[in-house]
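Below, chain A is the first sequence line, B the second, and so on; all start at residue 1.
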Amino acid sequence: MAAHPGGLTAAREQDGTTGQATVRIENLVRSFGERRILDGLDLTIAPGEFVALLGRSGSGKSTLLRALARLDDDVAGSGSLAAPDHLSVVFQDARLLPWKRVLGNVVLGLTAPDAEQRGRAALAEVGLAGRERAWPVELSGGEQQRVALARSLVREPGLLLADEPFGALDALTRIRMHTLLRRLCERHRPAVLLVTHDVDEAIVLADRVVVLDRGRIAADLPVGLPAPRRHGGAGYAALRERLLVRLGVDPAGEGGEA
Amino acid sequence: MSATAFDRQTSPAARRTPATALRRAGGGPTGKRLGPGRPLPYGWAAGPLLLLALWAGGSAAGLLDARSLPAPWTIAATTGDLLADGRLQSHLATSAQRALLGLLFGVAGGLLLALVAGLSRLGEAVIDGPVQIKRAIPSLALIPLLVLWLGIGETMKVVTIALGVFVPVYIHTHNGLRGIDQRYAELAETVRLGRLGFVRHVVLPGALPGFLLGMRFAVTAAWLALVVVEQVNATSGIGYMMELARTYGQTDVILVGLVVYGLLGLLSDALVRLVKRRALSWRRTLAG
């Protein structure tokens, strides 16, 4: 791993047990050429906390997620970033290896002797028991994304990073996936950072919603609504409006940003 | 073409679209469809059988001179004679051995070079240029040089075949490797696959379609090179049998040799396609 300036590598070697936080980011800077994508960002995520990260396109959401996933070794930057080694990533595309059957995809990279058993259990959890021998092309988009969820959760991660995981799904499938993700997170209790551009998705799923603007945290709001959350209600609408304003959308003139 | 077009993973929905579009293109339910329609049963045999019938008819009617083009039944009788005295079998065995050895070395070499060039930038810098230069020189043009270096024995023949084989294997495998989606490398990093695991689970299966396409060209190249080397200073093999027949004016024996070459080419291509279909069952292409 290439050493970043600012003692980043040293901070990363501790395994998520820095104080109370699972993720602790201080003064993080990431630049592409002259452009500062992340500009002195601070963020802390507690163990088991579900944080949604909202932002307009180009606000640096994906850059932050890639920094946490350690997929940005070739990007210039500074600051300190502590995240558990034991993390999983769910991408916007399911990213299944087409030449491996579903179960093979779930247990990819696992070496434990009971990997296959755990893989089957994870598939059952996402409602795909019996599809272990299917090829990825035989699954629908939603099913593929559920396999990707199983692949992430079978690793029992301390931190789950999700980069617009439901962005490519149709609206009905997305609602079903929300319920599933919420249930899985309550059972496995990983800390979650969900990158999304969908305000409703953020409110329905997260404990806390963070808005990113020009490389910094522009708003950090606890959701504090009782579960199960549904669209509508006074608290819901108020929070939605505040977030939309932060995102630079006028809620009065805008039917809804999906 | 179709083999590489589907190397990338596309969503099933995207893949289904062309077929649906094609069906709709017919207009109303009674309109004639624009697609070629359902395949005829045993349609592939129709063309060759028609040719054979014309040939037999021409011979029977005396339109074809028996010295230029003997009748099909003469060819069959000659094949029977050659089989009876064991000459055909022994020549065939020699030819097959040369082709297989050449294929073996050529495929191994091409595969190895493609992996090295595909997995490291240094390897690519060192290997790719020379292979592209080699590609521009027909292997058969190297025969005079190879004869001077290696003599006229079996080594020269096997090396010539191997040189013809390794180029398509290299080109297509390397192409397949390069075509592997960068996103899979990213995935491999996030699930903590090591270098070896990456090669085993991502690189090799990802390059397999390209490799198998290369194999189809390689098999053809092997038979092609075989024909030529067996007509240069050989003392055995199908090509030698034909060359000898030319000296004695035995047109029928030459035709037997041609038929054998043709059958070998068809059989080996069918074999590679069978392997391809079984090894790539994870893909659902329009070809089925």
Side-chain angles (χ1 to χ4, degrees), chain A residues 1 62 65-66 68-74 83 85-102 104-111 115 119 133-145 147-148 150-152 154-155 157 159-163 168-170 173, chain B residues 3-19 121 173 176-177 179-213 275-288:
Chain A
M1 185 170 288
S62 291
L65 187 121
R66 294 177 66 82
L68 279 165
R70 288 149 213 178
L71 289 171
D72 67 340
D73 284 343
D74 51 345
D85 276 333
H86 211 64
L87 58 82
S88 291
V89 185
V90 182
F91 301 94
Q92 175 165 14
D93 58 308
R95 214 166 288 198
L96 305 179
L97 297 177
W99 47 80
K100 282 200 177 292
R101 293 178 192 272
V102 162
N105 266 293
V106 171
V107 301
L108 182 68
L110 292 184
T111 48
R133 303 264 310 149
W135 295 112
V137 291
E138 296 169 333
L139 304 180
S140 71
E143 287 173 325
Q144 292 188 16
Q145 201 54 279
V147 175
R151 179 178 62 200
S152 292
V154 77
R155 282 144 233 277
L159 174 64
L160 179 67
L161 300 170
D163 191 359
L169 303 178
D170 65 86
T173 310
Chain B
T4 45
F6 287 101
D7 283 356
R8 300 259 169 108
Q9 187 202 19
T10 47
S11 78
R15 196 168 297 170
R16 247 176 263 126
T17 318
R121 291 286 171 194
T173 311
L177 276 169
I180 294 176
D181 206 315
Q182 186 55 36
R183 297 170 315 146
Y184 294 143
E186 223 174 74
L187 170 72
E189 274 180 51
T190 64
V191 300
R192 307 266 184 278
L193 278 182
R195 190 81 178 162
L196 259 175
F198 178 58
V199 169
R200 195 178 133 211
H201 296 294
V202 179
V203 173
L204 289 180
L208 191 61
F211 168 72
L212 287 173
L213 181 65
V275 171
K276 192 170 166 178
R277 188 173 310 173
R278 304 208 53 168
L280 303 182
S281 51
W282 52 269
R283 296 197 310 188
R284 282 201 285 163
T285 66
L286 291 177

side-chain contact (heavy atoms from CB on, under 4.5 Å) between V202(B) and W99(A), worked out: CA-CA 9 Å; V202(B) 179; W99(A) 47 80; 4.2 Å; yes
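- Nearest heavy atoms, H201(B) versus L97(A): O-CD1, 3.8 Å.
- With sequence neighbours excluded, the residues satisfying side chain to side chain contact (heavy atoms under 4.5 Å, CB included) with E186(B) are R66(A), L71(A), F91(A), R95(A).
- Within a 6.0 Å sphere centred on CZ of R200(B), heavy atoms belonging to other residues, nucleotides or ligands number 12 at most.
- Residue R101(A): no heavy atom, backbone or side chain, is found under 4.5 Å from chain B.
- Considering CG of D93(A) and CG of L187(B), their distance stands at 9.0 Å, rounded to 0.5 Å.
- A94(A) is linked by a side chain to side chain contact (heavy atoms under 4.5 Å, CB included) to L96(A), Q144(A), Q145(A), A148(A), counting only residues two or more places apart in sequence or in another chain.
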Evaluation steps, side-chain contact (heavy atoms from CB on, under 4.5 Å), between T190(B) and L161(A): CA-CA 10 Å; T190(B) 64; L161(A) 300 170; over 6 Å; no
